[in-house]
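In this text the structure is predicted, and so the values were computed from the model without any measurement.
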Amino acid sequence: NNFKFMIAPIYSGSSLHFHYTASNVLIFGRKRWFLFPPDRAFYSTLHINDWLHVEYPYLSLENKPLECIQEPGDLFYIPESWGHGTISSQDSIAYAILHTQG
């Protein structure tokens with residue numbers, strides 16, 4: 001397993017990507033999540049804020065991601081191979097576990 005403790009300023013986040021299952025608990029702040037099912041998951045080299053302003057507005061309705069807002073205390077579980085990215089809408093502190101196979 002891979003453990004991460006994150007301190008994220010507003011408008012920072014993770015670019016769109018996918019991997020094994022993961023868990024993320026938000027300790028402080030607020031994060032916006034973008035989720036794509038495995039058959040639509042992809043990697044992006046764009047910073048999530050750039051993607052949100054450059055590509056997101058032009059996605060067709062059927063290609064838009066699922067979205068949710070994570071609040072302090074929320075535990076978020078990301079299933080294996082689900083594409084996802086986040087952007088902090090406030091300064092945020094989080095703890096994540098990337099579960100490895102084996």
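- The 12-atom threshold is exceeded at OH of Tyr77, counting heavy atoms of other residues, nucleotides or ligands nearer than 6.0 Å.
- If you take NZ on Lys4 and OH on Tyr95, they are separated by 12.0 Å, rounding to the nearest 0.5 Å.
- Scanning for side chain to side chain contact (heavy atoms under 4.5 Å, CB included) contacts around Ser81 gives Pro38, with sequence neighbours left out.
- Clustering ILVMFWY residues whenever any of their side-chain heavy atoms sit less than 4.5 angstrom apart, transitively, puts Val25 in the very cluster that holds Phe28.
- The heavy-atom pair separating Ala41 from Gly83 by the smallest distance is CB-N, 3.5 Å.
- Rounded to the nearest 0.5 angstrom, Arg40 CZ and Leu35 CG are separated by 10.5 Å.
- A 4.5 Å side-chain heavy-atom check between Leu26 and Ser92 finds at least one atom pair inside the cut-off.
- Each salt bridge (charged side-chain N to carboxylate O under 4.0 Å, His left out) pair with one or both residues in residues 68-93, not counting sequence neighbours, appears once here: Arg30-Glu71.
- Residues Ser15 and Ser44 share a closest heavy-atom pair of CB-O, 3.5 Å.
- When the side chain to side chain contact (heavy atoms under 4.5 Å, CB included) test is applied to His47, the partners found at least two apart in sequence or on another chain are Asn49, Asp50.
- With a 4.5 Å cut-off on side-chain heavy atoms, Ser23 and Leu75 count as touching.
- Here Phe42 pairs with Phe36 under the ring pair (Phe, Tyr, Trp, His ring centres under 6.0 Å) rule; sequence neighbours left out.
- Side-chain atoms of Phe18 and Tyr43, non-hydrogen and from C-beta on, do get closer than 4.5 Å to each other.
- By the salt bridge (Lys or Arg N to Asp or Glu O under 4.0 Å) test, Glu62 is found to be paired with no residue, residues two or more places apart in sequence or in another chain being considered.
- Rounding to the nearest 0.5 Å places OG1 of Thr100 at 7.0 Å from CG of Leu98.
- The environment of Leu46 atom CG is dense: over 12 non-hydrogen atoms of other residues, nucleotides or ligands sit within 6.0 angstrom.
- No hydrogens or angles considered: nothing links the side chains of His99 and His19 as a donor-acceptor pair under 3.5 Å.
- How far CD1 of Ile78 is from CG of Asn24: 6.0 Å, rounded to the nearest 0.5 Å.
- For the pair Thr86 (side chain) and Gly13 (backbone), a donor-acceptor distance under 3.5 Å is absent.
- For the atom pair Leu16 CG and His84 NE2, the distance stands at 9.0 Å (nearest 0.5 Å).
- Remark: the backbone N or O of Ile10 is not paired with any side-chain donor or acceptor of Ser12 at under 3.5 angstrom.
- Residues Lys31 and Ala94 share a closest heavy-atom pair of NZ-CB, 4.1 Å.
- The shortest distance between side-chain heavy atoms of Ile93 and Met6 does not fall below 4.5 Å.
- Ring geometry, Phe76 versus Trp33: the interplanar angle falls under 30°, so the pair is classed parallel (tilted spans 30 to 60°).
- Side-chain contact between Tyr11 and Pro9 is absent, with no heavy atoms from C-beta onward closer than 4.5 Å.
- Under the rule for a ring pair (Phe, Tyr, Trp, His ring centres under 6.0 Å), the partners of Tyr56 that lie at least two apart in sequence or sit in another chain are Phe34, Trp51.
- Atoms CZ and CD1, from Arg32 and Ile87 in turn, are 8.0 Å apart once rounded to the nearest 0.5 Å.
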